[in-house]
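For clarity, every value in this text was computed on a predicted model and none was experimentally measured. Residue numbering restarts at 1 for every chain, and letters A, B, ... go by the order of the sequence lines.
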Amino acid sequence: MYFRSRARMASVGVLFFSLSIGSSACLKQGNDSGSGPFQNAVCVSNIPFQINTGSTGSAFVFDPDPVASSGNPNLSASASSTSFDSFREQVQLSNLGGHGVLEGAYVDIRTSLGCTEGFGAFDLNNKYLYSHSSPYFGEAMSYYFGDRFRSKIDEAGTLAPIAPLRIVAHCMQDDNAFFVRGRDRSGALVEKVCLGDSVMTPGATFTDDATVVIHEAQHGTTVDTYSNSSDLNQFLYDEAGSLNEAISDFVSLSFLEPSIPSSMDPRLFSRWALGKFLGGYNGVRGAHKCPTYSSDYPECAQYGNFSADNNTVSYSYPDGMGWPYGNNFSGPAYVASAFKNYTSQEEIHNAGMVMVGALWDMYQALKDVKGGNQDAAFIASHKLVSESLRRQAKPTFARISPVTFVSFASGIIDAANAFGMSGAEVAAVTNALKQRGLYNGPSVSGGWASVGAGSSESPGVKIMDNGPLLKRWIARLGGDTNIVPPGVGTLNGRLDRGEVAVIWFDIQNNSSNGVTAGGLQLTVTSDDPNVTMLNDWYNFGAVSSSSAQIQYSKVNGTQVVNALSSSNKTFHVPTGNSYFATNPYFSSTSTTGVWVRVAPGATRRTMRFNVDIKPANGNSTSLSFPVTIQ
Amino acid sequence: MKRRTLYKILFAASVSLMLSSLSFYFGARIKSMIVSSDMAFDEAQSLTASQSAAKRTEGKSRTPAKLDSEKEWNLFKSRFGQNLTAEYATNGRLAVVHGNAGQGRKASSAFNVTDRQAAIQRAREVIEGAYDLLGINPNSPLADHPVARNSDTSVQVYFRETRGGYPVEPNGQITVDLGKDGELLGLYSSYIPDIDIENSVNLGSDQAKVKAGQISVDTQIGLRAEGGRQILWVAQNSAMEAKAQGRIAYEFLIQGRQVVVDAGSGEILFSRDRRHF
């Protein structure tokens, strides 16, 4: 259905037939898998080495997405696919392997439409000039931007992984895209990007958004640069995971800045896929100093201030952590509405906003020092990010997830000095990070922490023992739901003998200077051998049967609590200076919880969880949380 | 006394006097040269240090109770820099060493951060210096071919622990972070001193792959299943026990999930979503 004439279809068919005779290439006819118009594509499994087409070619693309290419911010993703053809631009392709398929020195584009990771687009003249309605259009987009990006970072000296990165278009991931790394049978690294299609907006695909292509490709660079074996993210929520997302957003924005029309804001990430595919929900992220619902957006003239009455929020560390970017809330009390209704404060994409903005500020400052030279600023920024990444601490049993926003920022400044950057450049980098609170920021005072109120059922802590809910969480972890014993003291919010539960600790922040504690690393130890930690399948930070590590994003200080308070009930933000009051939805997922099991024969007694806490902006402290076994 | 004998005695006395004067003069410096690997350490001596590390593998590992950690740490600092600080895991083993760029002992003058073989050699010296602190066990050697990755100003060398010929996963790693002059910037260890292999291989890789494919996932992604290498899986929560429990396993990447299958029983030992969205 994607061939212009039967004659053309026949000629291509003959060509493929001859290929299958002359090589190990096998032709797989597409089937009806795939959604919407992306059906019946044709795949080639292996590179047709006997064909020689040269290393350059041409393609139609959006640069970087249909909104920017059309100049129409109101363009709908539901519009007819062929209507987007007028927004296409013809571009040159480089570094092709020269065998008529979209593979080359830096990227290897595959499709899973009608096959699994085969070559879809094919042309004897390297002319990948497709209508937007063709499934091969997305493959051409992926090649063009993947190749341009990776060749640029090769020029910077920061290329990773070195081998061509496999990007799979139409990979059957619904409404999302990702990077994944594993090992093959020989132990060699296998690294892939998967670009999915939208189910919420049929016909829309993530390959049409170059910010997504580069975001995912950068994940590969980030993870590979950090370590050849350890992952940067260690927990479901940790600052390392948010850093990973922030770097990908930033690199995408800074690389594509020259492509954005002057009428549009270059600081917006994924105005197309996240802005238009999600059924009315605005998932766009940005590098601004404040979120879109802050009254001073977009220039954030009130940066540094938080105010419920004035509706201002600042992306500064750590107070700005966790505030969502997009305005999906109702007014007039937007800030209060965001706090009350946004359920994913500690989700890693959301929690990365402060760092995205900080890196963007750093990049702009370097551009200023370099006389407006965007290319030089991008290369310098990428080198700094890469050097800091490679130098970050690796996981050990002392600290399973050691990387924090503060350690990364510090690493950037060290890198600037190590590279021998000029005084002006080092100052630009340092000031950008300092302004965001990531370098030489305020610290919590000594003795800052105490046990908070906790829950009414279990003072000081929250215990989730809802069996069906725990089973759903376990299923998402890929674990064994049978570990939750049926009908054992469930739903009372207490620890009962024989039950499995998830527990959180309400840390109160009494810092005398009112400063928020950020990036909290917790080591939780049970003093009762009958209350044990589940293993690392559930507790990603489990280090023994009695101890596990976890992270909390922040615990408010009294300064920001007061700033968000209002005498007007509508505008008042009902937060407080404890973990439970900082993130009211902390227990809506198991992300920051510790999984425990109580032995059936445990003695009914008050046991203790001893919690060592190390904030990124302060000294370690220890608290003891008593819990009574029922 | 014959004159010749007297001259011999006088000569010996003079030499002795000169040497003791020199000792007095240089004192601690001579002692530090004996134990340090400073800039006077040339390539031949470095190689000797590496060979001595190899010889150590014939011995037994020392338990924390017998190890004088403070003494060993001081010895390590005298070799690699007094600026260094250490963190230990709860099993008493060295987990982290922190250093700073431009500080601490440099490698030999021939060191070049872009020379990966030199980096590996230097990293081996560091590990040899912390051998007992790390709890390295001759039965769990580090794999022969560590990986070095460098920039213009630093190089990181990654070592993987093995046991019974299998790479230990998910921990069992030592990373050495070196600066431009080979000074120690960081050391990170999740090495596991003692591992009991509790199973044997009953399944082939293809059989294990079938088991891995039965993992319940919430989405069907169009990516090929990858993997099938044999590893020694030591669950993270048992790694710091006196005798950690290791199981020979196969490792796969299925639908974006890491899946580890017991090579003896076919049981799924571990599964985790490895997708970065």
Between [options], which has the largest tally of heavy atom pairs under 4.5 Å with chain B?
options                : answer
A:I400, A:I348, A:N417 : A:I400
A:G182, A:A548, A:A418 : A:A418
A:G157, A:A177, A:S546 : A:A177

Determine which residues belonging to residues 235-242 of chain B lie within contact range of chain A, meaning some heavy atom pair is under 4.5 Å apart, and list them by number or answer 'none'.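 B:A235, B:Q236, B:N237, B:A239, B:M240 fall under the 4.5 Å cut-off.
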Tell me the closest heavy-atom pair linking [X] and [Y], and the distance in Å.
X      : Y      : answer
A:R185 : B:S205 : NH2-OG, 3.1 Å
B:A95  : A:A398 : CB-CB, 3.8 Å
B:Y158 : A:T225 : OH-O, 4.2 Å
A:K192 : B:R224 : NZ-O, 3.6 Å
A:P395 : B:S190 : O-CB, 4.1 Å
A:T116 : B:L223 : CG2-C, 3.7 Å

Proximity breakdown for [X] and chain B, heavy-atom pairs closer than 4.5 Å:
X      : answer
A:Y538 : neither
A:S227 : both
A:T523 : neither
A:A393 : both
A:S545 : backbone
A:L189 : side chain
A:D414 : neither
A:V543 : both
A:V193 : neither
A:L236 : neither
A:R181 : backbone

Taking the six-membered ring for Trp, are B:F277 and A:F178 parallel (under 30°), tilted (30 to 60°) or perpendicular (over 60°)?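 Judged by the thresholds at 30° and 60°, the geometry between B:F277 and A:F178 is perpendicular.
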Assess whether a salt bridge exists between A:R391 and B:D177, defined as any Lys/Arg side-chain N lying under 4.0 Å from an Asp/Glu carboxylate O.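 Between B:D177 and A:R391 there is a salt bridge, with a charged N closer than 4.0 Å to a carboxylate O.
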Can you tell me if NZ on A:K383 sees more than 12 non-hydrogen neighbours from other groups inside 6.0 Å?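 Correct, the count exceeds 12.
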Check the surroundings of atom NZ in B:K211: do more than 12 heavy atoms from other residues, nucleotides or ligands lie under 6.0 Å from it?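 12 or below, so no.
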Tell me, out of B:G256, B:G186, B:S189, B:G179, who's got the most heavy-atom pairs with chain A below 4.5 Å.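 The candidate making the most pairs under 4.5 Å is B:S189.
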Please round to the nearest 0.5 Å and tell me the distance separating atom [atom1] of [X] and atom [atom2] of [Y].
X      : Y      : atom1 : atom2 : answer
A:N244 : B:H276 : CG    : NE2   : 5.5 Å
B:Y188 : A:T396 : OH    : OG1   : 9.5 Å
A:K394 : B:L187 : NZ    : CG    : 11.5 Å
B:N171 : A:S230 : CG    : OG    : 8.0 Å
A:N233 : B:R275 : CG    : CZ    : 13.5 Å

Given that the side chain runs from C-beta out, which part of [X] has a heavy atom under 4.5 Å from chain A: side chain, backbone, both or neither?
X      : value
B:F252 : neither
B:I268 : both
B:Y250 : neither
B:I192 : side chain
B:Q156 : side chain

Using a 3.5 Å distance criterion without hydrogens, assess whether the side chain of B:R272 forms a donor-acceptor pair with backbone atoms of A:D536.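 Here the side-chain-to-backbone pair exists.
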Should B:R149 and A:D224 be marked as a salt bridge (Lys or Arg N to Asp or Glu O under 4.0 Å) after you check the CA-CA gap, both sets of side-chain angles, and the distance that decides it? CA-CA 10 Å; B:R149 292 182 173 180; A:D224 237 51; 3.7 Å; yes
So B:V96 and A:R399, side-chain contact (heavy atoms from CB on, under 4.5 Å) or not? Walk me through it. CA-CA 9 Å; B:V96 180; A:R399 195 168 295 177; over 6 Å; no
What I'd like to find out is whether the side chain of B:E251 reaches to under 4.5 Å of the side chain of A:R183, using heavy atoms alone.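 With C-beta onward as the side chain, the pair touches.
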pair B:T90-A:S547: side-chain heavy atoms closer than 4.5 Å: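 A side-chain contact under 4.5 Å is absent here.
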Trace of the side-chain contact (heavy atoms from CB on, under 4.5 Å) decision for A:S186 with B:R229: CA-CA 6 Å; A:S186 72; B:R229 68 171 179 146; over 6 Å; no
Residues forming a side-chain contact (heavy atoms from CB on, under 4.5 Å) with B:S151, sequence neighbours excluded: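 B:S151 satisfies side-chain contact (heavy atoms from CB on, under 4.5 Å) with A:E387, A:R390, B:T153, B:S154 only.
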Taking the six-membered ring of A:F397 (Phe, Tyr or Trp), confirm whether the NZ or CZ of B:R93 is under 6.0 Å from its centre and within 45° of its axis.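 No, cation not above the ring by the 6.0 Å, 45° rule.
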